[in-house]
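One structure below.
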Amino acid sequence: MAPEEIAELLKKEFGDRVVDTTFDTSHPRIEVQAEAWPDIARFLREDSRMRFNFLRCLTAMDLLEDDKFCATYDLHAIEPAKDGKGPYTLIHGCCIQIRVPRDDAKIPSVAHVWRAADWHEREAYDMMGILFENHPDSMIGPNGKHPRRILCPDDWVGFPLRKDYMFPLEYHGIPAVTEMGQTRPVH
Amino acid sequence: MADVVLESLPDINTDLSPGSTDQQDFPTEEMLVNLGPQHPATHGVLRVVLRTDGEMVLEAVPHIGYLHRCAEKIGETLAPYQYIPYTDRMDYLAGMNNNLAFAEAVEKLTGLETEITQRAKLIRIIFAELNRVASHLVSFGTYGLDLGAFTPFLYAFREREYILDLFESTCGARLTYSYITVGGVTDDLPEKFVDVTREFLDYFEPKVIEYNNLLTHNHIFVKRTANVGIISASDAIDYALTGPVLRGSGIQWDLRKLPGSGYEEFDFDVPFGHGEKGSVGDCWDRYFVRICEMQESVKIIRQALDRLAGTEDQDVTHKKGKTIKLPADEIYHEIENPRGQLGFLLRGNGSAIPDRVKARGPSFCNLSVTERVCTNVLLGDVAAIIGSIDVVMGEVDR
């Protein structure tokens, strides 16, 4: 199924919760509302026309000019070959995007739909600070419940991939060296 | 004195299998064990916290990030051709494949892919497949090491040395190549490369049989790996596992078989797990998929070498490779690496420097399944399971 048809089906099922579509690009994508995402995800996974069973990647992006964060889910639907011989075949692929305001970046977790989302969401929180609600591996931090960090230590301050991130000058007494020219270490 | 007659060897594992301990044993005091971050069986700086009860592992939680080098953040400050050396250092055992994934993503985004010459494409395939063989050789050797067999490691590195020599003669580097670059490859093949590579392939093919005799069908090795760490097909897809780990679970999925991968005209099979020694998706299946993949790679390299004839006059380096500007658009592109699908999401903004570079490391996704597989297994099997998933921490942490 082409991305246009997938968007058409989603619009029929979810109405205006499908916010926007972009097809004139090398990465055709469908933008949906954050609140409706678990329902849409379940539909994408379970509907007999969709069958998106493979979450390839989750990318968090910082769109500073729009004052938004963007989460991009790349999906594949794969199935065994029709005659049972030969490699699995690709049914179709699609890409779902969710944009949330930078000061209230909350997206419901879909780790219960695709378990691959578990670590991807932890990484997206760790690097970009998008709060994935109801994540199965959450912990209580100073600012409330959030997914457990995965690459940085649990007590790390800030979210490194944000465009306005300031490099820390020290961590537990270790002076920092930076190549980025954003902050200079003081020894 | 009566003769001692042994009908069959006693199965020493019967009273240690998970089901039997539940009935005969009772829980004792639990203990937390830190496996790693400095442990030879974890293949790098991986720390796994094990909750154990005697010999049984009740829970295993991997902790990663010890090798995090902000590769994605650095990508936002560099032009694509400057970023190529950073991709080398992700999966450092398969530098060529990483270069290829990033270069292809940039070319697809900028539309340069139509201008890559046939010769450059063939050279890329030859090096990607040679690197796949080299990477699987390390995996094969170190998996033997994990399970207490030292000799296979030496055998594997003996053959890997030939491949590294080939790489050295071509681009000067033995581990971090940066050879495949935006617009093609950095330099043409050296003299006699085709002949030397053919010589190597003739030498290498019988060696795989030697590996099978040495390790694959070794009784102790089969005992340690068959029926251990079984990943079901549905779990494998749910966790988005890729590469030999996915195929070991019986799912014959390979990106190289999809249209547009560049491998359409090559004749090769996609090996997958059959449960030959135990159940489908156990450690032995994952291991054996790698062995078979080496043979398939040899097939591909032979075909590519044949096709090189007659392309000597084609240019392998595109002059726009270093000055290219990324349009205000994005792309997500994946290729089949030795460890699975390596994907890059690139977002340009009209300048030479991208807005966002996201790397989806196959080892990262493959490692996430450890938590599920390493429950209610024996302590000794944890090393077998982690070894069979074959992670490279440089790629997990990026």
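Order of the sequence lines fixes the chain letters, A, B, ..., with proteins taken first and strands second; residue numbering starts at 1 for each chain. Keep in mind that this is a model prediction, so the values were computed, not measured. When reading the values below, keep in mind they use all heavy atoms of this one structure, side chains included, and skip hydrogens, waters and symmetry mates.
Ranked by heavy-atom pairs under 4.5 Å with chain A, the list B:E334, B:K108, B:K257, B:Q341 is led by B:E334. Chosen from A:P153, A:A116, A:C152, the residue pairing most often with chain B at heavy-atom distances under 4.5 Å is A:A116. When the candidates B:V396, B:I251, B:L241, B:D355 are compared by the number of heavy-atom contacts under 4.5 Å with chain A, B:I251 comes out ahead. Annotation: maximal heavy-atom pairing with chain A below 4.5 Å, among B:D235, B:V270, B:I237, occurs at B:I237. With chain A as the partner, the residue from B:L367, B:I64, B:L109, B:D254 showing the most heavy-atom pairs under 4.5 Å is B:I64.
In this structure, the portion of A:E65 lying under 4.5 Å from any heavy atom of chain B is its side chain and not its backbone. With a 4.5 angstrom heavy-atom cutoff, A:L63 touches chain B only via side-chain atoms. If you measure heavy-atom distances from B:R247 to chain A, you find no contacts under 4.5 Å at all. With a 4.5 angstrom heavy-atom cutoff, B:L67 does not touch chain A via any of its atoms. At a 4.5 Å heavy-atom cutoff, the contact between A:L90 and chain B is made by backbone and side-chain atoms alike. Using a 4.5 Å cut-off between heavy atoms, A:D74 contacts chain B through its side chain alone, with no backbone atom that close. For B:D269, no part sits under 4.5 Å from any heavy atom of chain A, backbone or side chain. Heavy atoms closer than 4.5 Å to chain A are found nowhere in B:S234, neither backbone nor side chain. Using a 4.5 Å cut-off between heavy atoms, A:T72 contacts chain B through its side chain alone, with no backbone atom that close. Neither the backbone nor the side chain of B:Y66 comes within contact range of chain A, judged by heavy atoms closer than 4.5 Å. Only the side chain of A:R45 comes within contact range of chain B, with heavy atoms under 4.5 Å apart. Residue B:L258 touches chain A through its side chain alone, counting heavy-atom pairs closer than 4.5 Å. Neither the backbone nor the side chain of A:R122 comes within less than 4.5 Å of any heavy atom of chain B. At a 4.5 Å heavy-atom cutoff, B:H333 makes no contact with chain A through either its backbone or its side chain. With a threshold of 4.5 angstrom between heavy atoms, B:V357 does not approach chain A through any atom at all. Within the 4.5 angstrom heavy-atom criterion, only side-chain atoms of B:L345, from C-beta onward, approach chain A.
We find that B:E76 and A:K163 are joined by a salt bridge, their nearest charged nitrogen and carboxylate oxygen being less than 4.0 Å apart. The residues A:D126 and A:R148 are annotated as not salt-bridged, no charged nitrogen and carboxylate oxygen being separated by less than 4.0 angstrom. The pair A:R17-A:E35 does not count as a salt bridge, with every side-chain nitrogen at least 4.0 angstrom from each carboxylate oxygen. Of the charged side-chain nitrogens involved, at least one lies within less than 4.0 Å of a carboxylate oxygen, so that A:R115 and B:D238 count as a salt-bridged pair. Electrostatic pairing of B:R398 and A:E123 counts as a salt bridge here, judged by a charged N lying under 4.0 Å from a carboxylate O. Looking at B:E395 and B:R339, no side-chain N of the basic residue comes within less than 4.0 Å of a carboxylate O on the acidic one, giving no salt bridge.
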Practice prompt. Check the pair A:E31, A:T22 against side chain to side chain contact (heavy atoms under 4.5 Å, CB included), reporting the backbone distance first and the verdict last.
Written response: CA-CA 8 Å; A:E31 193 187 330; A:T22 317; over 6 Å; no
Fill in: Stepwise side-chain hydrogen bond (donor to acceptor under 3.5 Å, both in side chains) test for B:Y332 and B:E330
CA-CA 7 Å; B:Y332 180 67; B:E330 59 183 63; over 6 Å; no
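Between the B:D285 side chain and the B:G273 main chain, no donor and acceptor come within less than 3.5 Å of each other.
Checked by atom type, the side-chain pair A:N134/A:H112 shows no donor-acceptor distance below 3.5 Å.
Within the 4.5 Å cutoff, the side chain of A:W114 has heavy atoms near those of the A:V110 side chain.
Going from atom CH2 of B:W253 over to atom CD of B:E336 covers 9.0 Å, rounded to the nearest 0.5 Å.
Under a cutoff of 6.0 Å and an axis angle of 45°, B:R256 and B:Y263 form a cation-pi pair.
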